[in-house]
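Since we're looking at a predicted model, the values are computed, not measured. For this chain, numbers begin at 1 and follow the sequence in order. Atoms considered below: every heavy atom in the structure, side chains included; atoms not considered: hydrogens, waters and symmetry mates.
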Amino acid sequence: MYSAKLLDHFQNPRNAGEIADPEAAAEIENPACGDVLRLTLRVTAGRITLARFKAKGCVAAIACGSALTELVAGKPLSEAKNLRREDVIAAVGGLPQASTHAAYLALEALTTALSSIKP
């Protein structure tokens, strides 16, 4: 059902936790399933230098949160803003159709966090 890559992100989540005094943060809940993802970012000179996540939810939601932090860490804000759902899905080795909501949740958290950055 789940790829080995997805299960690895779930069992060994990368960048779990929260950044104290982040430059950007968002907490998103999927009202349909109850999954919650909190994303905090440290931004320096227009680049994401640190990304952390906390998730409460299904296996896919935790894996997508973990993968998202790896995808955005070190990236310029302009690149992070162009991240797509397909990028998150590919980073976890694919998702069953019933679990694609997890990639949407991760991207919504990223979009919301990035929009909170003061210019």
Quiz item: Does the pair Asp87 and Arg84 meet the rule for a side-chain contact (heavy atoms from CB on, under 4.5 Å), with working shown?
Solution: CA-CA 5 Å; Asp87 299 322; Arg84 299 172 308 139; 3.6 Å; yes
Quiz item: Looking only at atom types and distance, does a side-chain atom of Thr111 sit under 3.5 Å from a main-chain N or O of Glu108, one as donor and one as acceptor?
Solution: no
Exercise. Give the minimum heavy-atom separation between Thr40 and Ala25, together with the two atoms involved.
Key: CG2-CB, 3.9 Å
Practice problem: Linking directly or through intermediates, with side-chain heavy atoms under 4.5 Å: list the remaining ILVMFWY members grouped with Val36, chain and number order. | Solution: none
Self-check item: Sequence neighbours excluded - side-chain hydrogen bond (donor to acceptor under 3.5 Å, both in side chains) pairs with any residue from residues 58-69
Solution: His9-Ser66, Asn15-Thr69
Under 3.5 Å, side-chain donor or acceptor atoms of residues 73-80 against the rest of the protein: list the pairs with distances, not counting sequence neighbours.
residue, atom, partner, partner atom, Å
Lys75, NZ, Leu71, O, 3.4

Quiz prompt | Atom of Ala109, atom of Ala26 and distance for their closest heavy-atom approach | solution = O-CB, 3.4 Å
Exercise. Mind checking the CG-OG1 spacing from Leu50 to Thr44? Nearest 0.5 Å is all I need.
Key: 9.0 Å
Quiz item: Can you name the nearest heavy-atom pair linking Ala55 to Ala61, along with the distance?
Solution: CB-O, 4.5 Å
Quiz item: Mind checking whether Leu6 and Val59 have side chains closer than 4.5 Å, heavy atoms only?
Solution: yes
Exercise. Report yes if the side chains of Arg38 and Phe53 come closer than 4.5 Å at any heavy-atom pair, otherwise no.
Key: no
Quiz item: Under 4.5 Å between side-chain heavy atoms, hopping through other hydrophobics if needed: is there a path connecting Ile19 to Leu68?
Solution: no
Quiz prompt | Minimum-distance pair of heavy atoms, taken over all atoms of Ala103 and Arg85 | solution = CB-CG, 3.7 Å
Quiz prompt | Test item: Pro22 and Leu39 side chains (from C-beta on) under 4.5 Å apart, heavy atoms | solution = no
Quiz item: What distance do Ile28 atom CD1 and Leu110 atom CG have between them, rounded to the nearest 0.5 Å?
Solution: 10.5 Å
Quiz prompt | Partners meeting salt bridge (charged side-chain N to carboxylate O under 4.0 Å, His left out) with Lys54 (sequence neighbours left out) | solution = Glu18
Self-check item: Inter- and intrachain pairs under side-chain hydrogen bond (donor to acceptor under 3.5 Å, both in side chains), touching residues 23-37, at least two apart
Solution: Glu23-Arg42, Asp35-His101
Practice problem: Spell out, as yes or no, whether a donor-acceptor pair under 3.5 Å connects the side chain of Ser99 to the backbone of Leu95. | Solution: no
Practice problem: Output the distance between atom OG (Ser116) and atom CG (Leu41), rounded to the nearest 0.5 Å. | Solution: 7.5 Å
Quiz item: Considering residues at least two apart in sequence or located in another chain, which fulfil the side chain to side chain donor-acceptor pair (under 3.5 Å) criterion with Arg47?
Solution: none
Self-check item: Heavy atoms of other groups near Asn12 CG, more than 12 under 6.0 Å
Solution: yes
Practice problem: Flag the pair Asp8 and Lys5 as a salt bridge only when some basic side-chain nitrogen lies within less than 4.0 angstrom of an acidic carboxylate oxygen. | Solution: no
Quiz item: Taking atom SG of Cys64 and atom CD1 of Ile89, what is their separation to the nearest 0.5 Å?
Solution: 7.0 Å
Practice problem: With the side chain counted from C-beta on, respond yes when Leu114 and Ile48 share a heavy-atom pair under 4.5 Å apart, and no when they do not. | Solution: yes
